[in-house]
Amino acid sequence: MQKKLKGDTVPGMITILIGIFFLVKTLATDNLSFVATTSDGVPGAGFFPCILSGALMFSGIILMIRGLRQNGEKQYVALDAEMRGNIKILLLTVAGLAVFLAFWYLTDLFIVGVLLFAVFLNKLYERKWKYTIMYAVIFTVFIYLVFMAAFSIGFTV
């Protein structure tokens, strides 16, 4: 049995558990209903989180089945030089996200934080400065136009 837990089996199980966790949290929250709560028939605030949780669980099931079919032939974690580099980038991305959230919380400057975070990520992934500035500005303007101008969503803490 131990051999079958290699490959994609364990990541599939973890993905299923994450999907179940978020589905339970969504359904347990009173103001996140799946069905329409208004007269216009628009789905409730819990519609999208439920759909995403279901998609996550479905993806986890597919991943787990794939891992079981591999019968332990493939290993899902091989700590080589490339994997160490990827882990470093992952941890720096998570740290950058934490700094972005702290910046947003402390200053209430969401758009500035998005711009700075986009610059940070592009430099982390070793993009050229020309591309970094262009991408960060276009991405920030897009976020502003779609969420703040078009949908009137205020990003206040």
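What's counted below: heavy atoms across the whole structure, side chains too, no hydrogens, waters or symmetry copies.
Between Met64 and Asp8, the closest side-chain pair of non-hydrogen atoms is not below 4.5 Å. Put simply, the side chain of Lys128 does not reach to within 4.5 Å of the side chain of Thr132, judged on heavy atoms. The closest side-chain heavy-atom distance from Lys88 to Leu91 is not below 4.5 Å. With a 4.5 Å cut-off on side-chain heavy atoms, Lys123 and Arg127 do not count as touching. With a 4.5 Å cut-off on side-chain heavy atoms, Ile18 and Ile14 count as touching.
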Going by atom type alone, with no hydrogens or angles, which donor-acceptor pairs under 3.5 Å involve a side-chain atom of residues 138-150 and a protein atom two or more places apart or on another chain?
residue : atom : partner : partner atom : Å
Thr140  : OG1  : Ala136  : O            : 2.7

**Request:** Would you check, one step at a time, whether the test side-chain contact (heavy atoms from CB on, under 4.5 Å) holds for Asp80 with Met83?
**Result:** CA-CA 5 Å; Asp80 55 2; Met83 182 65 80; 3.2 Å; yes

**Pair Phe110-Phe100, side-chain contact (heavy atoms from CB on, under 4.5 Å): steps then yes or no** = CA-CA 9 Å; Phe110 178 75; Phe100 162 71; 3.7 Å; yes

**Request:** Under the side-chain contact (heavy atoms from CB on, under 4.5 Å) rule, what do Phe58 and Ile61 come out as? Steps first, then yes or no, please.
**Result:** CA-CA 5 Å; Phe58 178 74; Ile61 291 169; 5.5 Å; no

**Item:** Criterion side-chain contact (heavy atoms from CB on, under 4.5 Å) on Leu52 and Phe22, from CA distance to verdict
**Value:** CA-CA 9 Å; Leu52 285 180; Phe22 282 107; over 6 Å; no

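When hydrophobic clusters are built by joining Ile, Leu, Val, Met, Phe, Trp and Tyr residues whose side-chain heavy atoms come closer than 4.5 Å, directly or via intermediates, Leu23 is not grouped with Phe48. Leu121 and Val94 fall into different hydrophobic clusters, where Ile, Leu, Val, Met, Phe, Trp and Tyr are joined by side-chain heavy atoms under 4.5 Å apart, directly or via other members. At a threshold of 4.5 Å between side-chain heavy atoms, the hydrophobic network of Ile, Leu, Val, Met, Phe, Trp and Tyr places Phe117 and Tyr125 in one connected group. Hydrophobic clustering places Val137 together with Met134 (ILVMFWY residues linked when any side-chain heavy atoms are closer than 4.5 Å, directly or through intermediates). Note on Leu27 and Ile16: same hydrophobic cluster, where clusters join Ile, Leu, Val, Met, Phe, Trp and Tyr whose side-chain heavy atoms are under 4.5 Å apart, directly or indirectly.
Going from atom CE of Met13 over to atom CG of Leu17 covers 9.0 Å, rounded to the nearest 0.5 Å. For the atom pair Leu56 CG and Ile51 CD1, the distance stands at 13.0 Å (nearest 0.5 Å). Note: Leu63 CG to Leu68 CG = 10.0 Å, rounded to the nearest 0.5 Å.
Chaining together hydrophobic side chains whose heavy atoms lie under 4.5 Å apart places Leu109 alongside Phe103, Val112, Leu116.
The minimum heavy-atom distance linking Tyr135 with Asn122 is given by the pair CD2-ND2, 3.0 Å. Considering every non-hydrogen atom in both Leu124 and Ile89, the closest pair reads CD2-O, 3.8 Å. When all heavy atoms are compared, the tightest approach of Trp129 to Val119 is CZ3-CG1, 4.1 Å. Annotation for Cys50 and Thr26: closest pair SG-CG2, 3.8 Å, computed over non-hydrogen atoms.
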